[in-house]
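Reminder, nothing fancy here: chain letters follow the sequence lines and each chain counts from 1.
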There are 2 protein chains.
Amino acid sequence: MSDPIKPKSGKRSSSARQSAPTLDDVARITGLSPITISRALNNPKLVRPQTIEKVMEAVARTGYIPNMQAGSLASRRSRLVAAIVPQLTNAMFVDTVQGLSDQLAAHGYQLLLCLTGYSQKHEEELVSAILSRRPDGIVLTGINHSQELRKTLLSAAIPVVETWDLTPTPIDMLVGFSHEKIGSRIGEYLVGKGYRRFGFVWADDERAAIRRRSILDVLGKQGIVDAPTALVPTPASLQLGRQGFAELFAARQDFDVIVCSSDALAQGVITEATVCGISIPGQLAVMGFGDLDFSAHTSPAISTIHIDKRALGVQAADALVAKIQGQPLAERIIDVGFELIERETT
Amino acid sequence: MSDPIKPKSGKRSSSARQSAPTLDDVARITGLSPITISRALNNPKLVRPQTIEKVMEAVARTGYIPNMQAGSLASRRSRLVAAIVPQLTNAMFVDTVQGLSDQLAAHGYQLLLCLTGYSQKHEEELVSAILSRRPDGIVLTGINHSQELRKTLLSAAIPVVETWDLTPTPIDMLVGFSHEKIGSRIGEYLVGKGYRRFGFVWADDERAAIRRRSILDVLGKQGIVDAPTALVPTPASLQLGRQGFAELFAARQDFDVIVCSSDALAQGVITEATVCGISIPGQLAVMGFGDLDFSAHTSPAISTIHIDKRALGVQAADALVAKIQGQPLAERIIDVGFELIERETT
DNA sequence: GTTGAAAATGATAGCTCTAGCATTTGGTGC
DNA sequence: GCACCAAATGCTAGAGCTATCATTTTCAAC
């Protein structure tokens, strides 16, 4: 037990004695066995308080930093969760990633962040690269993944959460909301308010496309078939909103409502319309999506669809962690819903 | 060499034969040795093309996914870079993180993202947790780190890039810009334009504080000593800008310029002032910081300080990768500079 | 003191891959 | 056919940790 402290033993001692201290070093200077050090650090319940103290002291003295790669390799747990997100410069995803990161951290997990730039091919490569890190779970954005990807993930038998959309057949778990329902809701709401001459300023993004289709379905039933769209690239921005509106307005001036695929675009439409001397909502209504941080506070304030983006990330984290830890999951599919918020622009 | 394909050998065969295939499995079914498989996958130059083909086929057939944890453990390279950022909901950092992620990916590195919420204590814990993953490099935000942290990082002997600020004594490398210079520049510019009655709407953030101090120094030299500040929490937002201005305006109405610590705040100040019937820049000038995506396109467009936030991330990635790969670094300290952009609000 | 169960600690055997050096192969020149 | 060199492949020995089961210690109860 009370071996005197001696220099690192055998194997390759003499020369390169400048590598970082390992668990064995701590074991040696405390006179304990490596496994006890491991337990003191990772599972303190199993170790006597006074032993833990001794270990901690040695850790502090040596500046020992555990090597999680070795630990993960041995224990087959990485405490790492990978998230795949199209882009961060899209304000939509930021809150979700922040919520995800915060909640994962609270559970002792860390976040490996991967940005695809909306490319499905890229997504597939990324997932392969990611899987070789053996994360304990993966968060995907959207539900539209290549068959290859689904297969890879299924055979990896790793917990997966898909987000930002809804499907009855997720790969594993899902935390999202229905773009179709949102579309119908927007359509019905605006038609109900009496608007008839629609224009769209819309980002070229798959989920946004679903919402638009769904709005058009509602409009179609009301006999509204002519609804021009200015398509803009992602990420949406105020500038693109201005451009989009300018484009629509150049072709036609009698819109009574412009529907936007995000609040950033809506803000741009409002700006451009205002500059053109159009009063909002007097002469033109504007509808957004996303309820970004500014949307309630612009003048006029933007009517929009609110989604609890942060909660989406938090719940994705919770679902993932629960599954990782083998807790029975209440729901495989969580619909976080949405809320239409009527403000001043409609 | 041409051993027949046989089931996984020895050790603990019989029972749990459902674990993922390993490099040894691929070796066995190709009749090659594990190290050759490793080389075929990681260092193909060393392997005959026809051998590589054989390996690839076996990899595809088995669905083998390399275990990077084991690889990293053996090779002491993780191809992982950790970035520590205060918060993502602060639009300022998003572009940098995106640039960092993109550029790292281009070099074959992945990003471990950690959000501190502006807490230095949290940062210290985070770094410890991060180091146990043995990243090949670390990106920090800011230069103001606890002594403990500096010591930990130095003794870990890991490449570090500090960002978003400038100091002659970085821990290792630095990619940033001078908040002091920006402050002086803003001060001189606004004084030069003839403004005298200053108000500040300012986020409670350490780097912003440096800029403000520096502006005040310039003003002081002009005999301008009375410059009230509305301090708001981070992350800055349009809403907080409105609140901040309302607060200032309630106390005093004769401002001729409001300086803001970010464009989001500036947008809020403009909105609130406009709602109050104050014309901008006619009756009141507004100065921002950051040149966010909307700043050039609001009406009126916001005068601001432009920083190439994305380039900052990209250069941080480049510096880190260069150092990791042992290339001699041109500069330890990179000042990405800034540009004052005069638009319509001043 | 002895007993016995619970608590604490330890020994062994991996986890999966790669560095470093050793060996084999293939082809060239004579 | 043989020596020789570069290219290709292989062997051995870890990298640093934990799972699993075995052993020892502790301490209450008698």
Expressed in angstrom and rounded to an integer, what is the separation of [X] atom [atom1] from [N] atom [atom2]?
X	N	atom1	atom2	result
A/R28	C/dG10	CZ	P	14 Å
A/L46	D/dA19	CG	P	10 Å
A/N43	C/dT9	CG	P	13 Å
B/K45	D/dA8	NZ	P	13 Å
A/R79	D/dC17	CZ	C1'	15 Å
B/L73	D/dT18	CG	P	12 Å
B/R76	D/dA15	CZ	C1'	6 Å
A/L32	C/dA8	CG	P	13 Å

Side-chain N,O ([X]) to OP1/OP2 ([N]) below 4.0 Å:
X	N	value
A/T51	C/dT9	yes
B/R48	D/dT9	yes
A/S33	C/dG10	yes

Minimal heavy-atom distance between A/L111 and B/L112, with the atoms involved, is O-CD1, 3.4 Å
Please report the closest heavy-atom contact between A/L73 and B/A70, naming both atoms and the distance.
CD1-CB, 3.7 Å
Within the distance-only criterion (no hydrogens, no angle test), does the side chain of B/S72 pair as donor or acceptor with the backbone N or O of B/Q69 below 3.5 angstrom?
no
Donor-acceptor contact present, side-chain A/T62 to main-chain A/A58, <3.5 Å:
yes
Please check if atom CD in A/E125 has more than 12 non-hydrogen atoms from other residues, nucleotides or ligands closer than 6.0 Å.
yes
Which nucleotides of nucleotides 17-23 of chain C have their base under 4.0 Å from a protein heavy atom (B), which only their sugar-phosphate (S), and which neither (-), written as one string 5' to 3'?
BBB----
Could you check if a side-chain atom of B/E53 sits within less than 4.5 angstrom of a side-chain atom of B/R48, using non-hydrogen atoms only?
no
So B/T96 and B/R310, do their side chains get closer than 4.5 Å, heavy atoms only?
no
CG of A/L174 to CD1 of A/I334, rounded to nearest 0.5 Å, is 8.5 Å
DNA chain D: 5'-proximal contact among A/Q69 and B/P49 (nearest heavy atom)
B/P49
Compute the bend angle of the helix from C/dG1-D/dC30 to C/dC30-D/dG1 from the end axes (five pairs per end), rounded to 10°.
30°
Are A/E57 and A/K54 ion-paired here, with the side-chain N under 4.0 Å from a carboxylate O?
no
